[in-house]
Amino acid sequence: MSERIFPNNFLWGSASAAYQVEGAWDKDGKSESIWDKYVRIPGTTFKETNGNLAVDHYNRYKEDVQLMADLGLKAYRFSIAWTRILPNGRGEVNQAGIEFYSNLIDELIAHNIEPVVTIYHWDLPQGLQDEYAGWESREIIEDFVNYAAVLFEAFGDRVKYWVTLNEQNIFMTLGYVQAVHPPKVSNYQRMYNANHIANLANALTIKKFRAMGMTGKIGPSFAYNPAYSIDSKPENVIAAENYEAFNSSFWMDVYINGKYPKTVLKGLEKLDVTIDIRPEDHEVLANSRPDFLGINYYQTNTAAYNPEDGVSIGKMNTTGEKGSSEEAGVPGFFKRVQNPFVERTNWDWEIDPQGLKLGIKRITNRYDIPVMITENGLGEYDKLTEDKQIHDDYRIDYLSSHVDAIGEAIAEGSEVIGYCTWSFTDLLSWLNGYQKRYGFVYIDREEDDATAKLTRYKKDSYYWYQELIKKHS
Ligand code: BGP
C-alpha cells in the first residue's frame, strides 16, 4: 500500500470514552450517570466490574497524554461526561468539570494532538432518567442541545472535530431491546420512539453548532457492521438486504438524508411498532446533514433467512469464552449467522478487514460523505511478561490489515479523514470487564479495584503504531 494514499493531514488517532477510562465517578461535583447506577445491579456486568476507578485517567491524564505524544498520535478522541458539566442534567454549570476537560484539551494541543470530542458516549445523568425517562421523552432534546451548547461555548475555540452521539444504534438496541444496557428494557416500540427522539436531538445539535457559528466539523459516530448474505440463495440475499436496511440504513439514511427507509417503516408494522413521527420532525431531520460520518467498525455481520417462528434475541458473549454467543435475529426478516470465511476473536467478533473497505465504499456510494473511522480495534486477552512486555502481534495484524483496507478504499474513491483505534490505553469494556483489552498501553489492573496498580506499559502495538504514523507523516 503506497503511503501517499493517506493525505498529509490525515488524523492518525486513538479513542476512549469517559466512563471507560476516567474513574473519579463522584469527584469534583460530578453526579451519578445511568451507568454509575446500572453497574451496581448484581449480574449486569462481567464479575460486577464498574468504572468507579476505571484506569484513573481523571488523575493521570497528563501521563496519558505524554504517552500519546511519545507515540506521535495526531488525534485523540475522548468523550465528555455530561454529569461533570451539568450535574443536574441542565441548569448550573459545574466549573470543576469544565476545568478538567479544558486542561485535557490544552494538554493535547500543547503536544500537537488534535482533540476529537464526543458529546455523548452513553453516560446520561441519572437525574434525567428518573425525571422523564431520559431518551424516551422529548424533554431531553432541549436539555441535550443546551448541554452541547455549553461545550461549544467552552471548548469551541480549541476543538475542531465534534462527535454528537456515539453509536446511537448500539445504545438504543442494547438498552431497549436486548436489555443489557441501561435502562434494561426489552420493547421494540419504546426503542423506536426513543431512537427517533435521539435523531431529533442529534439533528438539532448540529443545527445549534451551525447557528453558533462554530468553525469545526460535526457528525455522529455510527457502529457499522456491513451485512453479507450467507450465500446467493435468493431468500438469504433478501434477508441480508433486510439486515442492512434495519440495522444500518435505518440510522445512516436519517443522519444524512433526513429520511427513514420506507421498507423498514413498513416492516415495523409487522412488529406492531409505529414511530411517533410528527409533521414538524421531517424538516428538523432534513436540515442537519453532518460534515462527516463517524464510523466505528469492528466486524461484518452475515445474514440468512429467518422464518416467522425463527430466532429472536440471543445471548451475547461477554465472558471471552469462544463460541458462547447465540444466533439472533428478527423473525420473518433476517438472522445473523457465522461467516465461514473469517476468523473470530475470543469474544466471537468476526475479524474482517475487507468488511471495513466494503463499509466505507457503501457509504461513499450511497451518501457521498467524508468518513472518519472513530473506532476500530481488537479486544483480546493480553499477557504482561515478567520483564513487563506485551507481545500483542495479533493486535498489530488486526490493525495493520484494517489500515490497509482503508488505504484501498481511499485509492478506490472514498474520502476518509481520520482513523482512531479503539483504544489508546486499556480500559473498562462495558459488559466484559477489564480482561478484554484493546489498548496500545497496557494498564496493570484486573477486575478488582482493590488490587489495581494502574501502572502503564507500552505494548508491542504501541511501537508498531508509532512507526506507522512516522511513515505516513
Ligand atoms: C463500541 C463502544 C466502545 C467500546 C467498543 C468495544 O461499541 O463505542 O465504547 O466499548 O465498542 O466494545 P466492547 O467493550 O463491548 O468490547
Side-chain angles (χ1 to χ4, degrees), residues 13-22 33-35 38-39 44-47 49-51 54-55 57 76-82 116-124 163-175 177-178 180-182 198 219-226 247-248 251 293-301 315-322 324-325 344-351 356 359 372-382 394-395 398-399 402 419-440 443 447:
S14 200
S16 73
Y19 188 67
Q20 297 177 275
V21 293
E22 286 178 4
S33 79
I34 54 173
W35 272 93
Y38 182 70
V39 294
T44 53
T45 62
F46 180 71
K47 294 194 175 166
T49 39
N50 60 55
V55 298
H57 176 69
Y76 175 52
R77 172 180 177 236
F78 62 94
S79 80
I80 291 185
W82 188 342
V116 177
V117 171
T118 307
I119 298 170
Y120 183 78
H121 203 126
W122 307 353
D123 43 0
L124 182 76
V163 172
T164 49
L165 299 173
N166 178 70
E167 297 189 350
Q168 181 187 333
N169 57 324
I170 299 295
F171 77 77
M172 284 295 162
T173 46
L174 298 195
V177 177
Q178 299 195 43
V180 293
H181 277 196
S221 270
F222 180 71
Y224 188 23
N225 297 3
N247 295 307
S248 299
W251 279 273
L293 185 61
I295 289 298
N296 293 355
Y297 175 80
Y298 291 90
Q299 55 180 332
T300 41
N301 283 173
K315 203 176 124 239
M316 289 164 61
N317 170 354
T318 54
T319 56
E321 205 181 301
K322 202 167 181 172
S324 61
S325 55
R344 265 164 287 282
T345 72
N346 279 311
W347 278 261
D348 297 329
W349 292 29
E350 294 184 341
I351 302 175
L356 176 54
M372 186 193 300
I373 305 302
T374 36
E375 285 180 29
N376 172 241
L378 177 68
E380 263 308 335
Y381 299 111
D382 286 334
Y394 37 90
R395 183 167 294 107
Y398 180 99
L399 295 174
H402 285 74
Y419 175 66
C420 291
T421 67
W422 186 265
S423 52
F424 182 68
T425 62
D426 288 340
L427 38 67
L428 171 67
S429 172
W430 304 93
L431 301 178
N432 312 278
Y434 291 91
Q435 62 165 4
K436 191 180 186 190
R437 296 175 183 272
Y438 280 92
F440 291 128
I443 306 260
E447 313 310 336

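Position 1 is the first residue of the sequence, and the numbers go up from there. First listed ligand is number 1; within each ligand, the first listed atom is number 1.
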What protein heavy atom is closest to [atom], reported as residue, atom name and distance in Å?
atom                    : value
atom 2 (C) of ligand 1  : E375 OE1, 3.4 Å
atom 15 (O) of ligand 1 : N432 ND2, 3.2 Å
atom 7 (O) of ligand 1  : E167 OE1, 2.4 Å

Atoms of ligand 1 close to [X] [distance to a heavy atom under 4.0 angstrom, numbered from 1]:
X    : answer
Y438 : 6 (C), 12 (O), 13 (P), 16 (O)
N166 : 8 (O)
H121 : 2 (C), 3 (C), 8 (O), 9 (O)
S429 : 13 (P), 14 (O), 15 (O), 16 (O)
K436 : 13 (P), 16 (O)

*Are H402 and Y419 close enough that their ring centres sit under 6.0 Å apart?*
no

*Is the distance between the ring centroids of Y434 and F46 less than 6.0 Å?*
no

*Hey, does W122 come in under 3.5 Å of ligand 1, counting only N/O atoms on both sides?*
no

*I170 near ligand 1 by a heavy-atom separation under 4.0 Å*: no

*asked:* Could you check whether any heavy atom of Y298 sits closer than 4.0 Å to an atom of ligand 1, since that is the contact criterion I want to use?
replied: yes

*Do S79 and T118 have side-chain atoms, one donor and one acceptor, less than 3.5 Å apart?*
no

*Heavy atom under 4.0 Å from ligand 1: found in F171's side chain, backbone, both, or neither?*
neither

*Answer yes when R437 and D426 have at least one side-chain N-carboxylate O distance shorter than 4.0 Å, and no when they do not.*
yes

